[in-house]
> 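Just passing along the structure, written as structure tokens.
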Number of protein chains: 2
Amino acid sequence: MPRGPYICGLDAAMDIVGGKWKALILWELKDQPRRFGQLRQSLTGISEKMLIQRLRELEADEIVYRKVYAHVPPKVEYGLTEAGTALHRALLPLAHWGERRMEALDEQTAGHLTVVDDPSPSPWAARSA
Amino acid sequence: MPRGPYICGLDAAMDIVGGKWKALILWELKDQPRRFGQLRQSLTGISEKMLIQRLRELEADEIVYRKVYAHVPPKVEYGLTEAGTALHRALLPLAHWGERRMEALDEQTAGHLTVVDDPSPSPWAARSA
DNA sequence: GTAACCAGTTACCAATTGGTAAGTAATCCC
DNA sequence: GGGATTACTTACCAATTGGTAACTGGTTAC
């Protein structure tokens with residue numbers, strides 16, 4: 001974790017949200033707080049170690065809060081802070097751009113039957129000579 | 001590079017712009033195309049290897065174009081494609097969020113003289129018990 | 001007594017990422 | 001012939017990141 005000094009605002013923002021899973025965790029919390037186990041289930045493929053690590057980082061950056069209930073078995077709740085909500089709003093345009101891009105990529109591969117493991121470079125990836 | 005399948009649009013977007021330096025390269029190209037050497041100078045601290053790698057990835061993703069002039073000594077120009085410009089626009093709110101956050105962090109450390117290497121956790125990073 | 005529950009923690013290992021530094025290629029200029 | 005210029009390429013090494021799997025702790029239910 002470099003933690004600045006940052007060249008620009010985007011640099012600072014990417015430092016927080018750029019790590020693997022971090023944006024996805026934010027997305028999972030955008031509507032309501034979640035328990036640890038719920039996050040682990042929603043983010044299919046994440047390991048417990050990673051989830052904890054990322055949550056701790058986001059917590060240290062004041063993006064998510066962590067609320068522990070004195071229950072047995074344990075109950076811990078994660079949710080967005082005010083800064084986290086603002087960050088989520090700032091990410092909306094980027095998310096939309098990504099969706100439109102995914103649609104475009106789908107169209108690229110549509111219309112071809114059995115396009116599997118084609119070794120030739122796709123025309124849109126061609127390097128300008 | 002995982003290259004999908006993506007969980008959501010933000011996932012796809014972060015896959016492209018999440019790598020180290022990538023957002024900064026985008027920023028450097030936002031107003032006008034740049035030559036390789038110019039980028040290397042502007043992005044202080046980047047190694048030639050990294051710069052090339054990131055540029056190639058952004059090029060393969062159709063975010064930047066690469067134009068080679070048949071000159072000696074060589075001249076290569078990098079600039080934003082249409083998709084790259086759209087991506088830059090989508091990143092503006094995030095950049096603003098980052099700027100406001102940097103200001104907030106500056107205010108945190110302002111007012112203290114010789115606040116250097118303080119081992120105690122800052123209050124805004126405290127973990128909720 | 002012991003199994004289940006939840007939210008972690010820990011140890012160990014593999015893969016990816018990033019840095020340094022030297023080399024390459026083509027041409028012009030002296 | 002030799003140096004300067006520009007945009008890379010390559011080899012090698014260190015650091016960071018990420019994965020797997022086993023273990024912990026306190027309480028309740030059987």
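Since we're looking at a predicted model, the values are computed, not measured.
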> Figure out the CD/C1' separation between B:Gln53 and D:dT10, and round it to whole Å.
12 Å

> Within this structure, what is the CD1-to-P distance between A:Ile46 and D:dT20, rounded to whole angstrom?
12 Å

> Which nucleotide sits closest to the side chain of A:Ser47: D:dT10, D:dG19, C:dC6?
D:dG19

> Considering only D:dG26, D:dA7, D:dT6, which nucleotide approaches the side chain of B:Pro73 most closely?
D:dT6

> Grab the CZ-C1' distance between A:Arg56 and D:dT17 for me, whole Å please.
18 Å

> Of all the nucleotides listed (C:dG19, C:dT27, D:dA7), which has the minimum atom distance to the side chain of B:Val76?
D:dA7

> Could you please spell out the steps behind the side chain to side chain contact (heavy atoms under 4.5 Å, CB included) verdict for A:Leu55 and A:Leu39?
CA-CA 10 Å; A:Leu55 284 172; A:Leu39 288 174; 4.1 Å; yes

> Touch check for A:Arg40, heavy atoms < 4.0 angstrom, all strands: base, sugar-phosphate only, or nothing?
nothing

> Please state how far atom CD1 in A:Ile52 lies from atom P in D:dC23, giving the value in whole angstrom units.
20 Å

> Does B:Ile16 offer a backbone N or O that forms a donor-acceptor pair with the side chain of B:Lys22 under 3.5 Å?
yes

> Rounded to whole Å, please give me the gap between CD in B:Glu59 and C1' in D:dC8.
13 Å

> Using atom NZ of A:Lys75 as one end and atom P of D:dG25 as the other, report the distance to the nearest whole Å.
25 Å

> Any donor and acceptor pair, going by atom type alone, linking the side chain of A:Thr81 with main-chain N or O of A:Ile63 inside 3.5 Å?
yes

> Using the side-chain heavy atoms of B:Phe36, tell me which of these nucleotides is nearest: D:dC8, C:dA7, C:dT9.
D:dC8

> Base, sugar-phosphate alone, or nothing: which one does A:Tyr78 contact when heavy atoms must sit under 4.0 Å apart?
sugar-phosphate

> When you check the phosphate oxygens OP1 and OP2 of C:dA7, does a side-chain N or O of A:Arg35 lie under 4.0 Å from one of them?
yes

> B:Trp21 or A:Leu55: which one's nearest nucleotide on DNA chain C is closer to the 5' end?
A:Leu55

> Does any pair with a residue in residues 41-63 of chain A pass ring-ring contact (aromatic ring centres under 6.0 Å, His included), and if so which ones, sequence neighbours excluded?
none

> If only atom types and distance count, is the side chain of A:Gln38 paired as donor or acceptor with the main-chain N or O of A:Arg35 below 3.5 Å?
yes

> What's the CD-P distance between A:Glu48 and C:dT10, to the nearest Å?
14 Å

> Under 4.0 angstrom, heavy atoms only, what part of the nucleic acid is B:Lys49 near: base, sugar-phosphate, or nothing?
base

> Within this structure, what is the NE2-to-P distance between A:His71 and D:dG25, rounded to whole angstrom?
22 Å

